[in-house]
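Here's the structure we're looking at; comments come further down.
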Amino acid sequence: MPQNRLTRLFQEKSGNLLNIYFTAGYPKLEDTVTILEELEAAGADLVEIGMPFSDPLADGPTIQASNQVALENGMSIKKLLNQLVQVRERVSLPLILMGYLNPVMQYGFERFCEEAARVGVDGLILPDLPFAEYEEEYKPVLEKYGLSLIFLITPQTSEARIRQIDALTNSFIYMVSSASTTGSQVQASDSQQAYFSKVQKLGLKNPLLIGFGISDKPSFELACQSAHGAIIGSAFIKALQKPSEVRENVRSFLQSIKG
Amino acid sequence: MEYGVNERGYYGQFGGAFIPEMLYPNVEELREKYLSIIQEPAFQEELQDLLRDYVGRPTPLYHAKRLSEKYNTKIYLKREDLNHTGAHKINNTVGQILLAKRLGKKRIIAETGAGQHGVATATVCALAGLECIVYMGKIDTERQRPNVEKMRLLGATVVPVTSGSQTLKDATNEAIRDWINHPEDTHYIIGSVVGPHPYPDMVARFQSVISEEIRKQMLEKEGRELPDYVVACVGGGSNAAGAFFHFLDEPSVRLIAVEAAGLGVDSGHSAATSILGKTGIIHGSKTLLMQTEDGQITEPYSISAGLDYPGVGPQHAHLAQTGRAQFIAITDADAMEALRELSRLEGIIPAIESSHALAALKEINAGPNDVVVLNLSGRGDKDLNTILTYFEEQDASK
């Protein structure tokens, strides 16, 4: 498989990676590329672009509401891919598209992968795509277009399954901080620390990024102690809701995490 | 042709377990254990005792003579409306609560549309002494207030869901979110033959008591086990799955699944998924699904709160695609007329859901020597407000 921006990123930078999630088409339909440019300028290391879905069942209220607004704004996979056509002239960050399987299926899985790769997308997160189906049906397509599929693990995921996931993927593993939907608070609890250090000790080939419940500088730094970096979603979506201009919101939020 | 589930949870091309990793351990635990637990003799003994003495089974197979005369055929009503709590839903919740106890769960969650499944779940939680949280779309809590009050009286917490369209599909999403947030001590009692494998199979097995009894009762009453037709309404499809179960591999039995056409299949206000749906993924399984071109799930409509679900169980999708079952869509107006007809011909007020099945009688053209078994899935008490409002408005517009 050709080396994409994701694998290169993890070779070049080993820690404190900041991955920002935002919903495409939110707060305004045409904000997608503006937010990406600003995220790059403000020092994000990689970005997860959410493809809005009517029924995002692994997400908490903040992301769900942003999905609804984005759909009302008219966002769709087709529009998003059109918005991203020239993004590589302006943004060099690794880009991941995150979404639920149904809209992707309706678009056509292969057509989606082909077009996503063409506009410069490096990886996908499809949380409701099961392993067996991935291996049989989807893996060859993803490989054909050089896209990484990122899998999630949780505190309840068994060691055997974590190793299986590690073997199947080639970019990073998305480590869900606790049993939760997105937007709940991460806490420095003993059980969570035990989970983080248990996974760290497995000696996985893929780097780990911690997500769910990372909202500010202290929780980001805490997560970075146990993994290669962290993913911030709901807190960033909330920051986008501030009345100031969208570039300013992105800048000041990243400043609050990295500054 | 195979109509049951295969080992990977598929019915033909439908089914599976399309779930985020956060739900994997819960669903996997269930998948590994459900068959062995429900086949244990001690489990079966406890289940059968409860079905008999608590639920009130077997339910009668009633020969509806006046209705038969009207349609010039022989019609039997399988009286699921006579179950405790008023519908077939309790067959499944009794089974799942025993399963939850054996899995060591302390907390039960459920979703409900019309409230029948919510009441059935709250009932068995009271029986088992387990905490019960029922998610219900805010709009449904308003149009089904008596069921909300019943659930509260039974000790359940009813959570009105304000996300999305505030109806059944959103209540299901919230219940799934709750499960994600409580992965160890909680069992999710799904009320229909939907959701990730093994739910569709597990719920169908608990509901299969309906067709098991029909076969025995047919033998007693007609001297043969197989009717010519089995008719049942389908939202998610649990009562139909139960009524069809022991007839799936009997090609002489014509299976009729009746969906809600709402204001008409092409009106934009319908829940006729087998006609309007395309293959998609909802709540963890691949099935027929009402959706936009972009794959966003659309909100179905039916006068019956129990039938307005945008998908159908994966087995029903398979039965529709293979033609094993004939799918018929019935409008609100025809269902309500059938409701009044049964009330006046037989002195039985059926649920609006079941009235859709009744309205299909005029579509199937059964002959005078045919035997039709119609699954009367529930009683109409819960729908009284809707029924009265509907007929008042109809009279006013005349």
Side-chain angles (χ1 to χ4, degrees), chain A residues 51-61 64-65 67-68 70-72 74-80 99-108 112 125-134 136 151-158 161-162 165 173-176 178-184 212, chain B residues 7-10 13 15-29 161-165 168-186 195-197 278-287 289-299 310-311:
Chain A
M51 299 178 284
F53 183 45
S54 55
D55 296 76
L57 47 77
D59 286 297
Q64 185 182 21
N67 274 236
Q68 217 167 331
L71 290 173
E72 283 160 17
M75 185 42 82
S76 66
I77 289 179
K78 195 175 174 184
K79 284 211 177 108
L80 174 59
Y100 293 80
L101 201 49
N102 194 53
V104 174
M105 228 172 93
Q106 304 311 321
Y107 194 80
F112 171 77
I125 300 178
L126 298 167
D128 54 351
L129 174 60
F131 268 3
E133 281 78 357
Y134 165 66
E136 279 169 23
F151 288 96
L152 276 62
I153 62 169
T154 80
Q156 280 72 36
T157 309
S158 68
R161 194 167 159 87
I162 294 174
I165 286 169
I173 290 174
Y174 192 134
M175 188 162 152
V176 176
S178 60
S180 65
T181 45
T182 57
S184 40
F212 287 41
Chain B
E7 62 193 20
R8 285 188 45 198
Y10 279 86
Q13 58 156 304
F18 293 81
I19 48 169
E21 182 65 26
M22 292 78 97
L23 283 176
Y24 179 81
N26 287 314
V27 173
E28 183 63 8
E29 179 187 29
V161 172
T162 54
S163 61
S165 51
L168 178 58
K169 89 178 165 65
D170 307 285
T172 309
N173 291 336
E174 286 308 323
I176 291 173
R177 291 195 178 106
D178 180 310
W179 211 21
I180 287 173
N181 286 295
H182 298 90
E184 276 160 3
D185 63 344
T186 299
H197 177 64
K278 279 191 305 177
T279 300
I281 291 166
I282 182 170
H283 300 141
S285 83
K286 187 187 273 188
T287 188
L289 171 61
M290 288 171 55
Q291 51 185 311
T292 66
E293 230 171 79
D294 293 332
Q296 308 297 340
I297 298 172
T298 51
E299 186 60 25

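Numbered from 1 within each chain, the chains take letters A, B, ... in sequence-line order.
Here the closest non-hydrogen pair linking B/Y24 and B/I19 is CA-CD1, 3.8 Å.
Your options are B/E184, B/K278, B/R177, and the one with the most heavy-atom pairs under 4.5 Å with chain A is B/R177.
Looking at A/Y107, there are no atoms closer than 4.5 Å to chain B (heavy atoms on both sides), in backbone or side chain. Interface residue B/E293: only backbone heavy atoms are found under 4.5 Å from chain A. Residue B/T298: no heavy atom, backbone or side chain, is found under 4.5 Å from chain A. In this structure, the portion of A/Q68 lying under 4.5 Å from any heavy atom of chain B is its side chain and not its backbone. In this structure, chain B has a heavy atom under 4.5 Å from the side chain of A/L71, while its backbone stays farther away. Within the 4.5 angstrom heavy-atom criterion, no atom of A/N67 approaches chain B. With a threshold of 4.5 angstrom between heavy atoms, B/I297 approaches chain A through its backbone and through its side chain. The parts of A/L152 that come within reach of chain B are both its backbone and its side chain, each placing non-hydrogen atoms under 4.5 angstrom from that chain. Contacts of A/P56 with chain B are made by both backbone and side-chain atoms, with heavy-atom separations under 4.5 Å.
For B/D170 and B/S165, the side-chain atoms include at least one donor-acceptor pair closer than 3.5 Å.
Considering only heavy atoms from C-beta on, B/E21 stays 4.5 Å or farther from A/V176 through its side chain. At least one side-chain heavy atom of A/M105 sits less than 4.5 Å from a side-chain heavy atom of B/T279. Counting heavy atoms from C-beta on, the side chains of B/L289 and B/P310 come closer than 4.5 Å.
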Working note: B/H197 + B/R8, criterion side chain to side chain contact (heavy atoms under 4.5 Å, CB included); need CA distance, chi angles, decisive distance, verdict. CA-CA 8 Å; B/H197 177 64; B/R8 285 188 45 198; over 6 Å; no

Check against side chain to side chain contact (heavy atoms under 4.5 Å, CB included), A/D55 and B/I282: CA-CA 8 Å; A/D55 296 76; B/I282 182 170; 5.9 Å; no

